[in-house]
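Values below: all heavy atoms of this structure, side chains included; hydrogens, waters and symmetry mates excluded.
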Amino acid sequence: MTTTFPDVSISTERLVLRPYDETDIPAHTEMMNDELVVAWTSAPHPYTAAHAARWVHRTAPAERTGGRGLALAVTEFLTQRLVGAVRLRHTDWRARSTEIAYITAPWARGEGYATESVLAVARWLFGTQRFERLELRTAASNTASQQVAQKIGCVSEGVLRNAWIARTQTEDGTWTDTRTDLIVWSLLPEDLEGAEDPDGPYADAGQAAYGRYGRPGRHTEYGSYTAFRRHTGNRP
């Protein structure tokens, strides 16, 4: 039984979701220091270039090779700039189930990139990877992330009370921890029939409800996206 995701890139009409590389470090550092990202994730703050380098070179690759999930940089197809991140984690290979978290950079919000990228990953998971469940967890006050879940057809399953620690900024500019409920959402293969057009005019603030942040080859078409297996023969 397969217990790791392939080294893959996923393309939509506007985006390319691919493994991180060295060129992403400056933009990733800036994205992770955004106020909304600080508020809804447990990433270190301030987030330094050293944190980003560790993520790019060690943490993100280890998610895939260790069988825990997959971390992909979300980039614009035309400009190739980093506009967000998508991460799969807590993967159960026997149950064919995993959890997704997502972030959109502040300079790319309002374009629907979070919805488009999450929907593309879901279709890839349910298609080639034959997964049966995708789970999202959104903080109770993070309405933007909840809208993404609703737009792709997720079903709200319930509330985990007092289950997450978010951060709020005080008047003097410092950050303080605050407990919050988590809403649990799920997406099954049959739920995708109700998903909105991924290329439509989505409006989202585009960061995950919560999360720990720490070359095209053969391709196959899957509806609105293309999945590319990356050549790994010469990779260390």
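A distance of 7.0 Å separates CD1 in Ile100 from CG in Leu125, rounded to the nearest 0.5 Å. Once rounded to the nearest 0.5 Å, the distance linking CD of Glu13 with CD of Glu116 reads 7.5 Å. To the nearest 0.5 Å, the span separating CG on Asp24 from CZ on Arg18 amounts to 4.0 Å. Taken to the nearest 0.5 Å, the CD atom of Gln80 stands 8.5 Å off from the OG1 atom of Thr23. Rounded to the nearest 0.5 Å, atoms CG (Asp34) and CZ (Arg109) are 4.0 Å apart. The line from CH2 of Trp185 to CD of Glu135 is 12.5 Å long, rounded to the nearest 0.5 Å.
Here the side chain of Asp92 pairs no donor or acceptor atom with the backbone of Ser97 at under 3.5 angstrom. Of the possible donor and acceptor atoms, none in the side chain of Arg54 sits under 3.5 Å from a partner among the backbone N and O of Thr59. Listed for the Asp177 side chain is no donor-acceptor partner under 3.5 Å among the backbone atoms of Arg167. No donor-acceptor pair closer than 3.5 Å links the side chain of Tyr20 to the backbone N or O of Ile25. The closest donor-acceptor contact from the side chain of Glu132 to the backbone of Leu188 lies at 3.5 Å or more, if one exists at all. Side-chain N or O atoms of Thr12 include one that pairs as donor or acceptor with a backbone N or O of Arg14 at under 3.5 Å. Checked by atom type and distance alone, the side chain of Arg89 never pairs as donor or acceptor with a backbone atom of Ala71 at under 3.5 Å. Between the side chain of Thr75 and the backbone N or O of Val16 there is at least one donor-acceptor pair closer than 3.5 Å. In terms of modelled atom types and a separation under 3.5 Å, the side chain of Thr41 and the main chain of Val38 share no donor-acceptor contact. At distances below 3.5 Å, at least one donor-acceptor pair connects side-chain atoms of Gln146 with backbone N or O atoms of Ala139.
The number of heavy-atom neighbours closer than 6.0 Å to CD of Gln169, taken from other residues, nucleotides and ligands shown, is above 12. The number of heavy atoms from other shown groups lying within 6.0 Å of CZ (Arg58) does not exceed 12. The 12-atom threshold is not exceeded at CD of Glu35, counting heavy atoms of other residues, nucleotides or ligands nearer than 6.0 Å.
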**OP:** Would you sort out whether Leu134 and Leu88 count as a side-chain contact (heavy atoms from CB on, under 4.5 Å), showing the intermediate values?
**Re:** CA-CA 9 Å; Leu134 182 62; Leu88 301 177; 4.1 Å; yes
Original post:
Yes or no on side-chain contact (heavy atoms from CB on, under 4.5 Å) for Glu63 and Phe5, after CA distance, side-chain angles and deciding distance?
Top reply: CA-CA 9 Å; Glu63 288 293 289; Phe5 288 112; over 6 Å; no
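Under the 4.5 Å side-chain heavy-atom criterion for Ile, Leu, Val, Met, Phe, Trp and Tyr, Leu82 and Phe77 are members of distinct hydrophobic clusters. Hydrophobic cluster membership is shared by Leu160 and Trp164, with clusters built from Ile, Leu, Val, Met, Phe, Trp and Tyr side chains linked at under 4.5 angstrom.
Side-chain contact between Ile103 and Leu36: absent, with no pair of heavy atoms (C-beta onward) separated by less than 4.5 Å. Proximity of Leu136 to Tyr102: side-chain heavy atoms (C-beta onward) are separated by under 4.5 Å at one or more points. Inter-residue side-chain proximity for Ser42 and Ile165 is flagged as unmet; no heavy-atom pair is nearer than 4.5 Å. For the pair Val8/Trp124, a side-chain contact is recorded, criterion being any heavy-atom separation below 4.5 Å from C-beta on. Put simply, the side chain of Met31 does not reach to within 4.5 Å of the side chain of Tyr47, judged on heavy atoms.
Glu30 and Arg81 are not joined by a salt bridge, as no carboxylate oxygen comes within less than 4.0 angstrom of a charged side-chain nitrogen.
Classification of the Phe131-Trp93 ring pair by plane angle, with boundaries at 30° and 60°, yields perpendicular. The aromatic rings of His45 and Trp175 sit perpendicular, their planes meeting at an angle over 60°, well past the 30° parallel limit.
The two residues Thr138 and Ser145 make their nearest non-hydrogen contact at CG2-OG, 3.5 Å. Residues Ala163 and Leu182 approach most closely at CB-CD1, 4.1 Å, considering heavy atoms. Among all heavy-atom pairs drawn from Ile183 and Ser156, the shortest one is CG2-OG, 3.6 Å. Residues Thr29 and Ala52 come closest through the heavy atom pair OG1-CB, 3.2 Å. A pairwise comparison of heavy atoms in Ala114 and Val148 identifies CB-CG2, 4.0 Å as the closest pair. Taking every heavy atom of both residues into account, His51 and Pro46 meet most closely at CE1-O, 3.7 Å.
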